[in-house]
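Please read the structure below before turning to the comments.
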Amino acid sequence: MTTPQLHRTSAQLWPDPTRVIAHLFLPGEESHLGHSRAKAIVERVMALPEPEVEDIAAGLIADFAARHRHYADLLARHASIVASRLGESPQLSEARTQLLGAVFTAEYSTEGAALLNPSAVVAPDQDGVQAGQVRAAISLRAVGEGHVSSIAFCSALIGPGPQWTFEQRRRPAIAGTTSSARWSKQNLRSVMDDLDDPDELSSALLHLLPDRFDNAELETAVARMYPELVGRTGGQASIDRIRRLVQSAYTSTFDDDVELSQRVLYPSVAEESNGMEDARFARFVDADGVVDYRGTYTAYDGRHIAPRLLLSSDLRTFRAHRLAGAAAHNKGMALFPRPVGGRHLALCRTNGESTGLSASDNGYTWDEPTTLHSPDGRWELLQGGNCGPPIETEHGWLVLTHSVGPMRVYTIAAMLLELDDPAKVIGLLREPLLAPLPDERDGYVPNVVYSCGGLIHDGRLWLPYGIDDARIAVAWIAVDELIDGLLADGAPTAHRERASTPS
């Protein structure tokens with residue numbers, strides 16, 4: 001039987017460099033080795049005569065207010081951040097406050113370099129959808145200056161029939177408002193165990209914490225610490241490490257009038273300072289039937305990666321949290337959309353090149369994975385992995401996969417896992433489902449087709465995918481045709497004796 005083929009559509013999405021956000025800019029502190037130049041800059045702003053300040057501020061409002069939501073408020077906030085440099089200066093005029101804030105503000109084009117690696121789920125908002133249609137919410141990896149990635153969003157209407165239409169993306173782009181999030185003591189202990197065995201100070205501090213806590217309760221516990229431990233060599237370093245971990249969990253919220261396509265999850269904590277990469281979202285239904293959205297992504301600080309979890313009931317408020325355990329050490333985790341056998345399951349990468357399966361009791365700490373498939377085809381000589389969360393069908397869990405072959409060419413294939421025991425591979429394509437066409441070979445990273453997740457609607461699998469880490473296209477295939485291709489040769493012999501689902 002010939003390999004089933006995806007049907008490419010004309011729908012495409014290109015990076016839009018006009019989608020900019022304004023963020024705090026501290027000259028001289030662009031790297032951890034820099035030295036702040038804020039004092040001299042503040043002195044220059046304060047030395048300008050008021051008429052000139054008013055003229056500059058009026059120009060700033062005229063040029064930038066339409067590009068940023070609540071622009072004057074943003075400038076006032078950034079001015080307050082450097083207010084300690086003012087000393088005993090008198091209260092600033094509104095114009096001087098705006099100018100002071102503006103010299104410590106920079107625009108960032110979230111998609112200035114590329115737009116790639118989409119993940120699609122059924123959207124929470126289905127208003128205005130016609131018969132035979134469904135609205136999809138799509139997360140996007142947006143890459144800007146310095147190759148820093150953030151998570152953007154858009155929406156599309158699917159159907160009736162083989163139609164995909166990207167809905168208009170509104171501007172301005174808006175970064176979420178962040179606040180601290182709560183931790184469970186159990187999860188913090190697991191993350192610390194991942195990094196290293198806790199020393200005596202860390203163990204004592206964990207003992208003082210309540211079962212669930214926030215930053216303020218952590219500081220209360222720190223104040224109660226034994227002075228003999230805090231004063232030891234390395235004591236303060238241990239406290240600072242725990243502080244950084246706790247502060248890495250946060251909530252990002254968007255106002256009610258901010259549409260999905262305007263929302264941007266921009267790096268907010270140190271461990272994701274160089275990017276939030278390749279979000280894989282699933283519409284998750286728990287054992288009680290409660291629905292929410294769960295996405296995994298890779299945080300990158302310029303040296304280390306950290307798999308992280310996003311939780312949201314409505315794609316408007318997101319809780320970001322660190323993951324732990326043996327399976328949470330590599331890129332590319334993808335969550336199953338419901339518990340299986342009473343446990344959370346996730347696809348992951350094992351040994352840096354194979355597709356694995358892991359389980360968790362709480363969705364935060366993940367067990368040692370079982371290998372599902374190791375590279376063995378000519379198109380996957382380098383490595384393989386998943387292309388998003390498994391999709392449930394009556395025949396089994398449909399898993400889209402990516403592979404890397406000679407000349408670092410990326411392709412997309414698929415495999416099928418047993419519904420009740422997903423550790424059993426019951427179908428595997430013998431050839432790629434999607435490979436770069438001649439007009440899909442050139443871009444930011446050549447020879448790449450890649451997705452972070454598709455969905456099924458009206459008997460068709462819809463797959464938005466990135467091309468050359470530069471732009472996004474869409475393809476579809478009849479689910480029955482794909483399942484027939486997966487089952488054509490029966491269960492792959494190399495995987496017939498796999499162990500049962502991790503328990």
task: Please tell me if the side chains of Leu115 and Asp16 come closer than 4.5 Å, counting only heavy atoms from C-beta onward.
output: no
message: I'd like to know if Asp194 and Arg322 make a salt bridge, using a cut-off of under 4.0 Å between side-chain N and carboxylate O.
response: no
query: Counting distance only, does the side-chain N/O of Asn330 pair as donor-acceptor with the main-chain N or O of Arg349 below 3.5 Å?
result: yes
field: Aromatic ring proximity Phe318/Phe153, centre distance under 6.0 Å
entry: yes
message: What verdict does the side chain to side chain contact (heavy atoms under 4.5 Å, CB included) test give for Asn362 and Asn187, after you've listed the backbone C-alpha separation in whole Å, the side-chain angles of each residue and the deciding distance to 0.1 Å?
response: CA-CA 9 Å; Asn362 58 17; Asn187 192 30; 5.6 Å; no
- request: Using a strict 4.0 Å threshold on nitrogen-to-oxygen distance, state whether Arg241 and Asp199 make a salt bridge.
  value: no
- prompt: Do Leu48 and Ile56 come close enough that some side-chain heavy atom pair is under 4.5 Å?
  reply: yes
- prompt: Under a 4.5 Å cut-off applied to non-hydrogen side-chain atoms, are Tyr300 and Val148 in contact?
  reply: no
- prompt: Does a sphere of radius 6.0 Å around CD in Glu145 hold more than 12 heavy atoms from other residues, nucleotides or ligands, not counting ones at 6.0 Å or beyond?
  reply: no
message: Once rounded to the nearest 0.5 Å, what's the spacing between atom CE of Met276 and atom OG1 of Thr298?
response: 10.5 Å
- prompt: Hey, does the side chain of Asp468 reach the backbone of Asn447 with a donor-acceptor pair shorter than 3.5 angstrom?
  reply: yes
query: Which of parallel (below 30°), tilted (30 to 60°) and perpendicular (above 60°) describes His344 and Phe284?
result: parallel
message: Quick check: do Leu205 and Leu218 have side-chain heavy atoms less than 4.5 Å from each other?
response: yes
CG on Asp367 to CG on Asp361, rounded to 0.5 Å: 7.0 Å
- prompt: Hey, are the side chains of Leu381 and Pro406 touching, using non-hydrogen atoms and a 4.5 Å cut-off?
  reply: yes
- prompt: Can you check whether Glu271's main-chain N or O pairs, donor with acceptor, with Arg244's side chain at less than 3.5 Å?
  reply: no
field: N/O donor-acceptor pair under 3.5 Å between Trp397 side chain and Leu417 backbone
entry: no
query: Can you tell me how far the CD atom of Gln186 sits from the OG atom of Ser190, to the nearest 0.5 Å?
result: 5.5 Å
message: Show the nearest heavy-atom pair for residues Leu86 and Leu92, with the distance to one decimal.
response: CD1-CD1, 4.0 Å
query: Are Gln236 and Ile239 side-chain neighbours, meaning at least one heavy-atom pair lies under 4.5 Å?
result: yes
task: Report yes if the side chains of Arg408 and Tyr410 come closer than 4.5 Å at any heavy-atom pair, otherwise no.
output: yes
message: Treating Arg316 as the side-chain partner and Asp255 as the backbone partner, does any N or O pair qualify as donor plus acceptor under 3.5 Å?
response: yes
- prompt: For the side chain of Thr296 and the backbone of Met333, is there at least one donor-acceptor N/O pair under 3.5 Å apart?
  reply: yes
query: What's the spacing between Glu277 CD and Ser149 OG if we round to 0.5 Å?
result: 5.0 Å
Atom pair CG/CG of Leu400 and Leu463 - distance to nearest 0.5 Å: 5.5 Å
task: Using atom types as modelled and distance alone, determine if a side-chain donor or acceptor of Asp301 lies under 3.5 Å from a backbone N or O of His304.
output: yes
query: More than 12 foreign heavy atoms under 6.0 Å from CZ of Arg212: is that the case here?
result: yes
query: Less than 4.5 Å apart, any side-chain heavy atom of Arg67 and any of Pro172?
result: no
- prompt: How many angstroms lie between NE2 in His373 and CD in Glu380, if you round to the nearest 0.5 Å?
  reply: 3.5 Å
field: Check against ring-ring contact (aromatic ring centres under 6.0 Å, His included), Tyr465 and His402
entry: CA-CA 11 Å; Tyr465 64 97; His402 72 266; over 10 Å; no
field: Audit row: Glu43, Arg85, salt bridge (charged side-chain N to carboxylate O under 4.0 Å, His left out) steps and yes/no
entry: CA-CA 8 Å; Glu43 290 174 350; Arg85 298 290 188 177; over 6 Å; no
field: Exercise: identify the closest heavy-atom pair between Ser358 and Cys348
entry: CB-SG, 4.3 Å
query: Counting distance only, does the side-chain N/O of Ser312 pair as donor-acceptor with the main-chain N or O of Thr317 below 3.5 Å?
result: yes
message: Could you go through Leu310 and Leu265, starting from their C-alpha distance and side-chain angles, then the distance that decides it, and tell me whether this counts as side chain to side chain contact (heavy atoms under 4.5 Å, CB included)?
response: CA-CA 10 Å; Leu310 289 168; Leu265 296 174; 3.9 Å; yes
field: Worked check of side chain to side chain contact (heavy atoms under 4.5 Å, CB included) between Ile242 and Leu188
entry: CA-CA 9 Å; Ile242 295 173; Leu188 179 60; 4.3 Å; yes
task: Return the set of residues passing ring-ring contact (aromatic ring centres under 6.0 Å, His included) with Tyr364 (not counting sequence neighbours), or none when no residue passes.
output: His321
Option passing side chain to side chain contact (heavy atoms under 4.5 Å, CB included) with Ile174 (candidates Arg263, Gln262, Arg19): Gln262
query: Between Asp469 and Ala114, which heavy-atom pair has the shortest distance, and what is it?
result: O-CB, 3.0 Å
Contact summary for Ile151 and Ser139, nearest pair of heavy atoms: CG2-CB, 4.3 Å
- request: Mark yes when over 12 heavy atoms from residues, nucleotides or ligands other than Arg182 sit less than 6.0 Å from its CZ; otherwise mark no.
  value: yes
message: Looking at Glu217 and Asp214, would you say the former's side chain and the latter's main chain have a donor-acceptor pair under 3.5 Å?
response: yes
Over 12 foreign heavy atoms within 6.0 Å of CZ, Arg319: no
Ring centre gap for His78 and Phe104 strictly below 6.0 Å: no
message: Before you tell me yes or no, could you show the steps for Glu200 and Arg232 under salt bridge (charged side-chain N to carboxylate O under 4.0 Å, His left out), namely the whole-Å CA-CA distance, both residues' side-chain angles and the distance that decides it to 0.1 Å?
response: CA-CA 11 Å; Glu200 287 309 308; Arg232 288 173 63 88; over 6 Å; no
- request: Verify, without hydrogens or angle tests, whether Ser252 (side chain) and Thr178 (backbone) share a donor-acceptor contact under 3.5 angstrom.
  value: no
task: Please report the C-alpha distance between Val82 and Leu26 in whole Å, then the side-chain angles of each, then the deciding distance to 0.1 Å, and finally whether the side chain to side chain contact (heavy atoms under 4.5 Å, CB included) criterion is met.
output: CA-CA 9 Å; Val82 297; Leu26 297 174; 4.3 Å; yes
